[in-house]
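Here the structure is laid out as structure tokens; the discussion comes afterwards.
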Amino acid sequence: MSSNFYQTIDVNKSSMDIEKEIRKYWKENKIIEDILNKDRNLKRYTFLEGPPTANGRPHVGHLMTRTVKDTVMRYKYMSGYDIGRRTGGWDCHGLPVELEAEKHFGFNTKKEIEDFGIEKFNEYCRNSVFTYIDEWNEVDSEIGYWIDENKSYVTLRNDYMESEWYALKKLFDENMLVKDYKIVPYCPRCGTSLSSHEVAQGYKNTDDISVYVKFRVKGSMNRYLIAWTTTPWTLPSNELLVVNKDFDYSLVSDGNNEYYVLSSTVQSLFKDAKVLKTMKGKDLVGTRYEQLMPFLHVGSNALQVVPGDFVTAEDGTGIVHAAPAFGADDFDIAKEYNVSLINPVDSEGKFDNSVPWKDKFVMDVNPDIIGYLKENNLLFKSQKIKHTYPFCYRCGTKLLYYPLDAWFIKVSTIRELLKKNNDKVNWYPEYLKDGRFGNFLNDAKDWALSRNRYWGTPLPIWKCSNGHYLAVGSREDIEKHGGNIPDDLHRPFIDAVKLKCPECSETMEREPYVIDTWFDSGSASYAAMHYPFNKNFDTEGIPVDFITEAIDQTRGWFYTLHVISSLLFGRNAYKNVMSMSFILDENGQKMSKSKGNFVTARDFISMYGADPARLFFYTGAPWNSKSIDKKLIGDTARKVFGTLSNVYSFFASNANLDGFVFQDLEPSSNLLDRWLLSRLNSTIENTRKNMDEFDMHIALRNIMDLINDFSNYYLRLSRKRFWEGKLDDEKKRAYETLYYTLINILKLLAPLAPFYTDYMYQKLSGPEKTIHSEKYPEPDNNYIDSDLEKEFKYAISIMELSRRARQESNIKGRQVVGNIMLYSDMELNPAILDIISPELNSMDIKFIPFGERPVKTTVKPVFSKVAPVLRGDTNKFAEYLNSENIYSELKKTGKITYKGNEFTPDFFEIHEDPSPEYAFASDEKTGISVFINKNIDNNLLLAGYAREIIRRIQIMRKDLNLEYSRNIKTEINVSGDIRKSIEKFMDLIKNETLSKSIEFSSSTDGKTWDIDGENVQISITPVN
RNA sequence: GGGGUUGUAGCUUAGCUUGGUUGGAGCACCCGGCUGAUAACCGGGAGGUCACCGGUUCAAAUCCGGUCAGCCCCA
């Protein structure tokens, strides 16, 4: 009894159409809301979103990170966890926003901003932050990234900043947040210092000029110390020269002048120079020299040679020019020798009026400096160099190292704690833990936290005129100290708040800094929950279970999360962290707006569809670089979705014809069923392990292997079972196995490809329930039969070898052959051999012992050994060995006698070749050999034709959509061998096609087939 | 300069942790095909100095050392 229970589908329906339909289904049935909001009272698995800067557009790399986040959360949800903190997050502060505002207003300097007004400037910043928020939300919806966007944390909110203030006060009270005057990396355009991990993101290869400079020894007319530098502009500020006291130095003469240089550099610096004497660096210490440029007043301790271990032999002359205002090492050594800083450079990076280059940007003055040196006979030589140098990673300006007051978090004091906490984190891939990230922790530097800018979380430190400091840890603290709480904690409102000094009652003003925006995002674990002010949240949920972002966050967000959590709570911020590589363009190049190969997330989805995109991200390990590959995206999607749709279509059309509706999986004794269910459960076991270890790319591979076996072996070998007449138990088992496997494959795949799997799930189960509420499959070990899987692997190998042998001997697959002989090390279950026998298409199939293999064993001489014995008779001997029974004689007697000479087996090579009458293929790995008898006698030929006739009639039955038990009357118009074939195999053809009668006719009705060049006309008519 | 990582067929890759069998796969290329699911499919083939040089071992893609090249990080 037929039915229409299972809907027919269009197997070529595009992924994008399917996705559109499923988004509509999710929306109309409130699927996403239900899953996000339902508390199932299960164990929690917490996630933490890494906040993108909200004012940038989502690109394809974001698609990949969002896909992975979504996959992990779906998998954990289906595996029986409630997902905690399944929300978004937005990073709202910092230079990315300010630069956009500057561009909008046409500003280039801080002065322009301050003249314009910080309030108006920040108002624009606040309003522009969410320029692309709608695009982000649309992209999330399109890719199927399920997060509660209404609960997203936003770093510009007062609550978020208040939590940060709590943290900063705590650090201040613990003397971990301190003010210091140091040489810091500094951007003269942005007018602010940067932290070490910000500097790290801005290194570029660049060309520069370097100079070798002559410092005249005091009291001499022509004796010089030569120093090398890549920053000529710092020469006016020279105060010391530094040598390594353990190195060898030489005094050389070029005829006119004498020079001190590192001994190992003499030959490269001088062509013809006489070494006057050699000494250790320590012998140079104390030497005084004339000031290079007489513009700045220096102290009495300056202008001398001092020792320093940081001096190396690799570059320059072994004599280092020190300008303490512009280098950290220089700064330290100046302190050691009581040398005061002299700094002619203002905060915009321009010289002041103490040097001849007033108001000029220092980097632009290098040519003038070199000109001055030449004019004054102080330049030994100059040369261009290529080196890496730090640039502002936001605006692109070359950084200076510059003396500045700044607030620091003394991170260097907790390096051991950082490393100890890192030990508790699972890194994917693992080598990041002790490699890139571990090294970063080893060298952790004090965090230069404060920024001389406008749009950011204000540093909550107030100062009075007596130099007292107060850290404010909450809005309430402001009132407590005599201030009014502003509605908005940002500048300039917070700047207007005056407090009363608790120590001396003087008026206190806030220090004019905002903080590093990385502190914002690094505080997400607690500040997103308004801790400690939100009494509904405590820190038990820290560390969170899982975070992931791109590889650059190793020195960004992953680092700041780790540091802040260690500082505040003494422990790691996250348990599992996965780092993902970048998506490259089709040519393997990094993508950027400046290169013009930038691909937005929206464009990518429009081109390929969400599920194909998602699967593409799993075609390799997410932490390996991947190039966009249009072909691979399409192929992978078709392999998975096309094949599953086709299997479903087969199932649905047959089940409907039989009136089958799935109830439950009953135990099947059929070997094919048992094999498939074993494969399914093995795959479930492996896939769960893969997903637990964040190897979703390996999970996809395992699932794809199963789909292939399912379609090309199980279904192919099972088809006839679905065409048997009655829906008996045997047939039901087949339907049940097919259904059960299909629906479980969809569940395995659901976290990876959520749209397609929900679409197919509805076809199988109805629209009442989404697949994403289903449990992730668990393996049932009762179904796993490794021996049976191994046996089927052998059987598949036999099929493949049989095809290969036919292919090589030009025997078509449809041609029945007389016999096939198989040799194998392993015994194969005859029942399985019976299963695959239709594929082998042979009258007779049997296993044979080793000795019966139809191989011709021949004996050939080892010429290098035989020739010395037989000389001219060697070729005759080789012909003699072609005689029959030579191999038998050698085996029997252990020797061959020829012309009075006895030859033992070591004179021969034994060759085995298949007998010419057999097509042959073998696989050494499995030990299987297949021999196909090539002889096609007339009977086999006719049998082959009979199969062709049967096939044609079956196709015609299919076209008429006949039930499989329906009888027909068949009329055929044909002559010659094909007619003889029908006459000979009449009964077989009748039985196979349910033809009550087969008549030869001269009628022109029906369909004309071409069978081996012969026209065959067949007409079929249903009869009762 | 230091640290990490990568190098396998034309391209993309599995295998390396735990040494042992002809080194697997997809795509491209060549060849075949409607055997009553599937032709954007199915089937078969060819193609590999496992970057190079040494070492250890009965045996090395796999372990060790050096060199070369790419990428990332520190500076």
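A quick note: this is a predicted structure, and the numbers were derived from the prediction, not measured. Quick note on labels: first sequence line is chain A, next is B, and so on, each numbered from 1.
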Answer whether the closest heavy-atom distance between the side chains of A:L399 and A:F391 falls below 4.5 Å.
-> no
Any side-chain N or O of A:K445 under 4.0 Å from OP1/OP2 of B:A75?
-> yes
A:S645 near the nucleic acid: base, sugar-phosphate alone, or nothing, with a heavy-atom cut-off under 4.0 Å?
-> nothing
Contact list for RNA chain B against residues 836-843 of chain A - heavy-atom distance below 4.0 Å | A:N841
Parallel, tilted or perpendicular: rings of A:W427 and A:F437 (30°, 60°) = tilted
Between B:C11 and B:A28 - P atom distance, rounded Å = 16 Å
Side-chain H-bond candidate by donor/acceptor type, A:N690 with A:N702, under 3.5 Å = yes
Using the C1' atoms only, state how far B:G15 lies from B:A61, rounded to an integer number of Å.
-> 8 Å
Would one find a side-chain N or O of A:K639 under 4.0 angstrom from OP1 or OP2 of B:C42?
-> yes
A:R803, nearest nucleotide to its side chain (from B:A37, B:A14, B:G44) = B:G44
5'-most by nearest nucleotide on RNA chain B - A:S649 or A:Q807 | A:S649
Can you find a side-chain donor-acceptor pair between A:Y713 and A:N708 that sits under 3.5 Å?
-> no
Reckon A:E948 touches a base, only the sugar-phosphate, or nothing at all at heavy-atom distances under 4.0 Å?
-> nothing
Quick one: sort the A:Y559 and A:F440 rings into parallel, tilted or perpendicular, breaks at 30° and 60°.
-> tilted
Figure out the CG/P separation between A:N654 and B:A37, and round it to whole Å.
-> 9 Å
Could you walk me through whether A:Y401 and A:Y186 pass the ring pair (Phe, Tyr, Trp, His ring centres under 6.0 Å) check?
-> CA-CA 6 Å; A:Y401 284 84; A:Y186 177 86; over 10 Å; no
Taking atom C1' in both B:A60 and B:U49, what distance in whole Å separates the two?
-> 15 Å
Report yes if a side-chain nitrogen or oxygen of A:R806 is closer than 4.0 Å to either non-bridging phosphate oxygen (OP1 or OP2) of B:G44; otherwise report no.
-> no
What is the distance from CD1 of A:I9 to P of B:A37, rounded to the nearest Å?
-> 17 Å
Pairwise C1' distance for B:U12 and B:G7, with rounding to whole Å | 14 Å
Can you check the A:R957 CZ to B:C34 P distance for me, whole Å?
-> 23 Å
Ignoring hydrogens and angles, state whether a donor on the side chain of A:N442 or A:K419 is under 3.5 Å from an acceptor on the partner side chain.
-> yes
Any donor-acceptor N or O pair under 3.5 Å, side chains A:T265, A:S268 = no
Could you work out the separation of B:C71 and B:G66 based on their P atoms and round it to a whole Å?
-> 22 Å
Contact check, side chains of A:V816 and A:S842, non-hydrogen atoms, under 4.5 Å = no
Contact class for A:N810 (heavy atom, under 4.0 Å): base, sugar-phosphate, or nothing?
-> nothing
Per the atom types in the model, does the base of B:A37 pair as donor or acceptor with the side chain of A:S653 at under 3.5 Å?
-> no
Spacing of CZ belonging to A:F710 relative to CZ belonging to A:R679, to within rounding of 0.5 Å | 11.5 Å
For B:A46 and B:C27, measure between their C1' atoms and round to the nearest Å.
-> 15 Å
Round to the nearest Å and state the distance from A:E808 atom CD to B:G43 atom C1'.
-> 13 Å
Side chain to side chain contact (heavy atoms under 4.5 Å, CB included) between A:L727 and A:Y735: does it pass, once the steps are laid out?
-> CA-CA 10 Å; A:L727 182 58; A:Y735 277 120; 3.9 Å; yes
Expressed in whole Å, how much space separates the C1' atoms belonging to B:G44 and B:G3?
-> 49 Å
What class does the angle between the rings of A:F326 and A:Y402 fall in, given that below 30° is parallel, 30 to 60° is tilted and above 60° is perpendicular?
-> tilted
Secondary structure of RNA chain B in dot-bracket form (Watson-Crick or G-U wobble, distances below 3.5 Å, | marking inter-strand pairs) = (((((((..((((......[...)))).(((((.......))))).....(((((..]....)))))))))))).
Give a yes/no on whether any side-chain N or O of A:R804 is located under 4.0 angstrom from OP1 or OP2 of B:G45.
-> yes
Can you tell me how far P of B:U38 sits from CG of A:D635, to the nearest Å?
-> 20 Å
Expressed in angstrom and rounded to an integer, what is the separation of A:D705 atom CG from B:G26 atom C1'?
-> 11 Å
Expressed in angstrom and rounded to an integer, what is the separation of A:L700 atom CG from B:A14 atom P?
-> 14 Å
Using a cut-off of less than 4.0 Å, is there contact between a side-chain N or O of A:K631 and OP1 or OP2 of B:A28?
-> yes
Using heavy atoms to find the nearest nucleotide of RNA chain B for A:R638 and A:R951 separately, return the residue whose nucleotide is more 5′.
-> A:R951
Distance between the C1' atoms of B:U56 and B:A75, in whole angstroms?
-> 38 Å
Within this structure, what is the CZ-to-P distance between A:F310 and B:G2, rounded to whole angstrom?
-> 20 Å
